[in-house]
Amino acid sequence: MQIKIYDSIQKEKVEFSPITEGEVRFYVCGPTVYDDSHLGHARSAIVFDLWRRLLRENGFKVIFAKNFTDIDDKIINKSLQNGKSIEEITQTYTQRYLDEMQTLLVERADIEPKATQSLEAIFSLIQKLLDKGYAYKTPNGDIYLSVHKDKLYGSLSGRIADLENLSRIQNSEQKEDNKDFALWKSYKGVGDVGYDSPFGKGRPGWHIECSAMIDAHLAYKGKYAIDIHGGGADLLFPHHENEASQTRCANDQTLAKYWIHNGFVTINGEKMAKSLGNSFFIKDALKHYDGEILRFYLLSTHYRAGLNFSEEDLLACKKRLDKIYRLKKRINFTGNQEICPSFKEAFLGALNDDLNISKALSVVDDFISQANEFLDSKLHDKIPLITGNLSFIQKLLGIGSKDAQTYFQLGITQEEKEHIENLIQERLEAKKTKNYQKADAIRQDLATRGISIMDTPNGCVWEKQ
């Protein structure tokens, strides 16, 4: 099947064609590790995890990289405020991010470069820009890219007019032009962090690290450096614009053949960001919702659309996931699985259309309804197809991997489980002695606790409502 991608630069859906047949080189901007990650980070990670799974399912070898920015003004400020070393802060939040991604069932990247481990590549790229006259060094040792020398600057985002406003905020008296952006920041003394370099002691600017990491780990030598570059919509300008400029000027190369950007997560219509003080941290959400439920909620809205976080919507989304697990609960099959060709074509076809998740999930809904009809009619020959389709959903969307009983008992502590099991045993004894009033009272007591029980040929089973 043909994959269609909405390219942020062309501003339309285009047919995907890799630079090298059968291979995709994919780079996504990762977190700046100075604080806990919020749901905006989670959504971006889940979106690009889905893209990666989809490309792989279409037969591509995907080389996937996601960076960690581990040196930055925010990290330095955090270090000074908390009296902790840069390394302690960045290692702590990098590991927290990785742990949270695992809980959200996001696969780890093939390559996870860090800024502090990429200094040689950064030095090399800056030197190229200096040698070619696109960059200059100020008297105080800072190095800037001269934006006006890049005639194509602004071609990525179309927002060059916004640069003037941004430049007023980030102005420096030593810049030749307010629009120029930093490649290297010289060491400013106490309270700063510096690394030895050919340009003097200092540290890299934010934008240069991604271009350098792509150079070091992924880049082809031809017209395009990589197939796909991804990130949040807020990175398109100026971060991605500046990345593209650096690579274009240094290597006479277009950074990416395709650009993919995911929409914002908002709270009450306001973009979620730590700087705005409205960050709904992943760790806080995971206190109340299982990672798989959170994952399903964050991928259930089309990736380019904004998502206004709502617990009401999340719970409605959970009910949709419940249906998958209720179907899984009805079957206990360990034989050979098959995928229904028509289901695969419809489901994969929807996702191949720029991740049309709404259409893909409607295909899933139709399958679940039909599968339940087959089971109601005792058409047991359909079970291999049902389990095969469920496995295919799990493979692409990253959901449905739990045991059904475990899923329906999520959020119940071990102590609570033991209490529930004891009550169910009391009810069973009451029924044996025909004390149906007590049995009904126990059922009602459990129901008020949000626990429903079902008598089956295999015994009494329970779940959290």
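Keep in mind that the numbers below use all heavy atoms, side chains included, and drop hydrogens, waters and symmetry copies. Numbers for residues simply follow the sequence, beginning at 1.
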> Identify every side-chain donor-acceptor pair in residues 16-30 under 3.5 Å, counting partners at least two apart or on other chains, and give the distances.
from	atom 1	to	atom 2	distance (Å)
T20	OG1	Y220	OH	3.1
E23	OE2	R25	NE	2.8
E23	OE2	R25	NH2	3.3
E23	OE2	Y220	OH	2.9
R25	NE	Y220	OH	3.2
R25	NH1	L218	O	2.5
Y27	OH	N67	OD1	3.4

> Sequence neighbours left out, what passes side-chain contact (heavy atoms from CB on, under 4.5 Å) with N82? Give chain and number order.
K78, K84
> Passes side chain to side chain donor-acceptor pair (under 3.5 Å), K66 versus Y97? Steps please.
CA-CA 12 Å; K66 182 192 291 185; Y97 177 85; 2.9 Å; yes
> Which residue pairs pass the salt bridge (charged side-chain N to carboxylate O under 4.0 Å, His left out) test when at least one of the two sits in residues 211-230, sequence neighbours left out?
none
> With no hydrogens and no angle check, just 3.5 Å: does a side-chain donor-acceptor pair link T32 and D72?
no
> Could you list the donor-acceptor pairs under 3.5 angstrom formed between side-chain atoms of residues 116-125 and any protein atom two or more places apart in sequence or on another chain?
from	atom 1	to	atom 2	distance (Å)
T116	OG1	D70	OD1	3.4
T116	OG1	D70	OD2	2.5
S118	OG	K114	O	2.7

> Here's a test for you: under side chain to side chain donor-acceptor pair (under 3.5 Å), which of Q174, K188, K185 qualifies with D142?
K188
> Whether D290 and R295 form a salt bridge (side-chain N of Lys/Arg under 4.0 Å from carboxylate O of Asp/Glu) is what I want to check.
no
> Would you please say whether a donor-acceptor pair under 3.5 Å links the side chains of Y153 and N242?
yes
> Suppose we screen for side-chain contact (heavy atoms from CB on, under 4.5 Å). Which residues come up paired with A256, at least two apart in sequence or across chains?
I226, H229, W259
> Is it true that, when you exclude E312 itself, more than 12 heavy atoms of the residues, nucleotides or ligands shown sit nearer than 6.0 Å to its CD?
no
> Report the residues that fulfil side chain to side chain donor-acceptor pair (under 3.5 Å) with Y136, sequence neighbours left out, ordered by chain and then residue number.
D180
